[in-house]
Amino acid sequence: MKKWIKRVVACGFLSMAVFGGVASASWCGTGCLNSYNACIARGTAQDKCEAIYESCLELMCPNG
């Protein structure tokens with residue numbers, strides 16, 4: 001029984017690593033979008049938040 005539990009847990013971690021890596025690498029601007037949303041939530045003017053967002057994308061996604 002312990003062997004099966006270890007295998008299930010190991011498979012779970014492996015699948016999280018594989019699918020989590022694919023999901024996190026799918027778009028380089030995820031952090032930028034989070035920063036933009038936080039900027040808007042703070043009540044900052046939308047044009048300022050958009051400028052920050054564009055700058056972030058240029059830094060984080062230079063090839064995109």
Side-chain angles (χ1 to χ4, degrees):
M1 185 69 173
K2 280 187 177 183
K3 188 185 336 182
W4 282 103
I5 292 173
K6 287 181 182 180
R7 286 183 184 176
V8 169
V9 170
C11 288
F13 280 117
L14 179 62
S15 64
M16 282 183 3
V18 170
F19 293 119
V22 170
S24 65
S26 65
W27 188 53
C28 58
T30 302
C32 298
L33 183 59
N34 292 340
S35 295
Y36 173 79
N37 289 334
C39 181
I40 293 293
R42 284 192 299 270
T44 307
Q46 186 174 0
D47 59 335
K48 272 192 149 178
C49 294
E50 287 176 4
I52 292 169
Y53 176 73
E54 292 296 327
S55 298
C56 180
L57 284 180
E58 287 177 11
L59 290 172
M60 300 298 289
C61 309
N63 298 327

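Taking CD of E54 as the reference point, atom CD of E50 lies at 7.5 Å (rounded to 0.5 Å). A distance of 10.5 Å separates CH2 in W27 from CE in M60, rounded to the nearest 0.5 Å. Atoms SG and CG, on C56 and N34 in that order, are 9.5 Å from each other to the nearest 0.5 Å. The structure places SG of C28 at 11.5 Å from CG of L33, a figure rounded to the nearest 0.5 Å.
In this structure, the side chains of E58 and Y53 stay at 4.5 Å or more apart for every pair of heavy atoms.
No donor-acceptor pair under 3.5 Å is formed between the side chain of T44 and the backbone N or O of I40.
Cysteines C61 and C32 are not disulfide-linked, with SG atoms at least 2.5 angstrom from each other.
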